[in-house]
Amino acid sequence: AAAEEFGDVLAEGMVAFMHDGVAVTAATQRQWEVVLTQRRQLIADLMSAADRLDAAAAKPIAAALDAAGRRSAEITGFQLAAYVRTWRSDLESWRTRLRGLKRGGSLRAALDTLGLGEWSVLSEEPSSAMVIRIPAEFASVKLPGVAVAG
């Protein structure tokens, strides 16, 4: 619950802003603080409701809500507003970068362009599984859908 709290507040706030016609990127620190206050009240209300459950059922719920509440107390409206601005800026940077990339080249050329030339492509045949030889320092990286040979 603690690890998810920032994202939960962010998602709830973004939905609330869209519902109210507020551009998420224009949301102010003060508006995010209102979202945080509402979230903290929700956690407190749920804690009260959990208190009415039997002890065995309430224990894991209370533990999760307590963790969420402790994490929520560390989050500020400034952090949320700054995160959204940075995220949107990153998206625009990636869009600009992607528009500048050539399409239709080989995987080898793509790896070189991305500065990953030390990765070795062993096969690019569409009918066979693609195999990429990964340098030792990246051996723990998992690539879904790609067979990896060490």
Do the side chains of Leu65 and Ile61 get nearer than 4.5 Å, heavy atoms only? yes

Is the closest side-chain heavy-atom distance between Val35 and Leu80 below 4.5 Å? no

Considering residues at least two apart in sequence or located in another chain, which fulfil the ring pair (Phe, Tyr, Trp, His ring centres under 6.0 Å) criterion with Tyr83? Phe6

hydrophobic_cluster_shared for Phe78 and Trp87, side chain cutoff 4.5 Å: no

Any sub-3.5 Å donor-acceptor pair from Ser93's side-chain atoms to Ser89's backbone N or O? yes

Nearest 0.5 angstrom please: Arg40 CZ to Glu33 CD, how far? 8.5 Å

Would you call Phe17 and Val84 a side-chain contact if the rule is heavy atoms closer than 4.5 Å? no

Closest non-hydrogen atom pair, Ala2 against Ala67: CB-O, 3.8 Å

State plainly whether one hydrophobic cluster holds both Val34 and Val9, where clusters connect Ile, Leu, Val, Met, Phe, Trp and Tyr through side-chain heavy atoms under 4.5 angstrom apart. no

Hey, could you give me the CG/OG1 distance between Leu91 and Thr86, rounded to the nearest 0.5 Å? 11.0 Å

Tell me every residue that passes side-chain hydrogen bond (donor to acceptor under 3.5 Å, both in side chains) with Glu4, counting only those two or more places apart in sequence or in another chain. none

Using modelled atom types and a 3.5 Å cut-off, is there a donor and acceptor pairing between side-chain atoms of Gln79 and backbone atoms of Thr76? yes

Restricting to non-hydrogen atoms, name the atom on Pro60 and the atom on Ala57 that form the minimum distance, rounded to 0.1 Å. CD-O, 3.5 Å

Step-by-step side chain to side chain contact (heavy atoms under 4.5 Å, CB included) determination, Glu5 to Arg70: CA-CA 9 Å; Glu5 186 61 19; Arg70 280 184 280 111; over 6 Å; no

Out of curiosity, Gln38 CD to Glu12 CD, how far, rounded to the nearest 0.5 Å? 9.0 Å

Rounded distance (nearest 0.5 Å) linking atom CZ of Arg71 with atom CG of Asp8: 11.0 Å

Rounded to the nearest 0.5 Å, what separation is found between the CG atom of Leu36 and the CD atom of Gln29? 10.0 Å

Thr96 (side chain) donor-acceptor with Glu92 (main chain) under 3.5 angstrom: yes

More than 12 heavy atoms of other groups within 6.0 Å of Arg97 CZ: no

Side chain proximity check, Ile43 to Asp66, heavy atoms < 4.5 angstrom: no

Would you say that Thr37 contacts Gln41 through its side chain, given a criterion of any heavy-atom pair below 4.5 Å between the two side chains? no

Side-chain donor-acceptor distances from residues 20-28 under 3.5 Å, at least two apart:
| residue | atom | partner | partner atom | Å |
| --- | --- | --- | --- | --- |
| Thr28 | OG1 | Arg30 | N | 3.4 |
| Thr28 | OG1 | Gln31 | N | 3.1 |
| Thr28 | OG1 | Gln31 | OE1 | 3.3 |

